[in-house]
Asker: 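The structure under discussion is supplied below as structure tokens; questions concerning it will follow.
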Amino acid sequence: MRIVIGGMNHESNTLNPIITGEDDFVVFRGAEMLERGMLPYYSSTGIIETLRAAGCEIVPTLLARAVPNGVVSAALYARLKAELLRRAREALAAGPVDGVCLALHGSMKVEGLGCAEGDLLTAVREVLPGVPLTVALDMHATITGEMLACADGLVGYKTAPHVDCRETGAHAARMLLTALRTGKKLRTAAASVPVLIAGEKSESEAEPMRSLIADCRAAEGKGGVLAASYLLGFPWADDEHDAVTALVTTLDDAQAAEAAAARLAEGFWARRKDFVFRSEHYDSRRSMEVAYEAVLRGGQRPVFVSDSGDNPTAGSTGDSTDLLERILETMAAAGSLPTPILYSGFYDAAATAACLAAGPGARIRIEVGGVWDKVNGKRIPLEVEVLKTLRGFGPYKSDLALVGHRCLRIVLTSKHIGFGDEELLPALGVEARDYCLVVVKLGYLEPCFRSIAARAIMATSKGCSNEVLESIPFRKVPRPLYPLDPDMEYRP
Ligand SMILES: [Zn+2]
């Protein structure tokens, strides 16, 4: 069997003014997808492994991925889409294609276009009509009618933080293989639930997601259901499609798909009020006060404070200074801690470049923050000592700098990357466990931090991934929408 594969993965935060462009993407073209592109946390890796194991001939087109950020450049998207389609056409010209399996996010937005996945799937369908097409999606996918019209089978991640990306890719590939082996059609039904959920209320290890995901797993394998998923949508995109979707794919049983999707939608709606922050949380100022106390009086270390309102892995700018300003206002308390405070970190290309130019040991004056987020961030002048620099870190080739300012150690990046990457701090010679207080621009802690945190405090700080959705001035989301309209009625 000859299967065309490809992928585009971006979670676009429409509150963030950055236009995600060429430099922000890592692109694997053709055979590169099968080699360098086989990263363990990519859903495409699971697709490739599964198709390989089944003896399929894999025809790779293109895999483009970027860290969540502002909407994607229209020109860049047009180029990536054209290349993916050209490679799909070439595949078809070289011989018959039996199926298509794609790794998509589901909440990628493009300048002037809006939802990208529906547009991309429509175009792929024009090139490859009539063959089974399955898609692996992020849990935060926003499902549109276009997507449903073009894809036969869809499945989303079942974990948040997302640790089952590879398994989800494998799941999408297995559905495709099932359709091909049986010659039967995949049938997908979607039931929309008018709910918007803050990212940090939906950890899959906590209720209600734990039970809801268990319901999805229980539905799978019964009555011809191949996949059952909750796609939560993306709360920091102001879009007319925003909603939670219960999505079920069956093997040729449209009725069973409808019934299961409706059941899951009902189940979700019934639990809507149970979505609350599981972690200890306060506003920025209070978070720091509680953290100082935890270290000084409670002897807890390391205490983690998540600067959740400016989480680049949720597409925020990474340069809101709300929490930094609160720390700078409390430097007396900060200075009495047994170690410096580690702050990871800030996306600031100019500040990072200045540090790299000056080199370790130099004392320089830089400005940090407020390049992009001018609402919640301002340029903050700091006298710093450059402690360590590094060029070209990670797949996005970001330069890094570690600087010291009084009792603060601040990580700076030249690229918009996430601060949950477990290799980031070690690359700078830093171990989070050596600090009594670690502030990180992240929401729920990634496993590498959670495993060492004596205490985790979430600051509901201000930024483009503001967790308090009720305070975001949405204009396009469909209303009524829970929890913006807390007393709304709805019958699935
Ligand atoms: Zn996600």
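Whatever order the structure lists them in is the order used to number ligands and atoms, beginning at 1. Positions are given from 1 along the sequence.
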Asker: If every non-hydrogen atom of A432 is compared with every non-hydrogen atom of I452, which pair is closest and at what distance?
Answerer: CB-CD1, 3.9 Å

Asker: Among the N/O/S atoms of D138, select the one at the shortest distance from the Zn ion (ligand 1) and name it.
Answerer: OD1

Asker: Quick one: do R271 and D274 make a salt bridge, cutoff under 4.0 Å?
Answerer: yes

Asker: Could you tell me which N, O or S atom of H140 is nearest to the Zn ion (ligand 1)?
Answerer: ND1

Asker: May I ask you to check if any N/O/S atom from H105 comes under 2.8 Å of the Zn ion (ligand 1)?
Answerer: no

Asker: Under 3.5 Å, side chain of T245 to main-chain N/O of L247, donor-acceptor pair present?
Answerer: no

Asker: Taking only Lys NZ, Arg NE, NH1 and NH2, and the carboxylate oxygens of Asp or Glu, determine whether E49 and R166 approach each other closer than 4.0 Å.
Answerer: yes

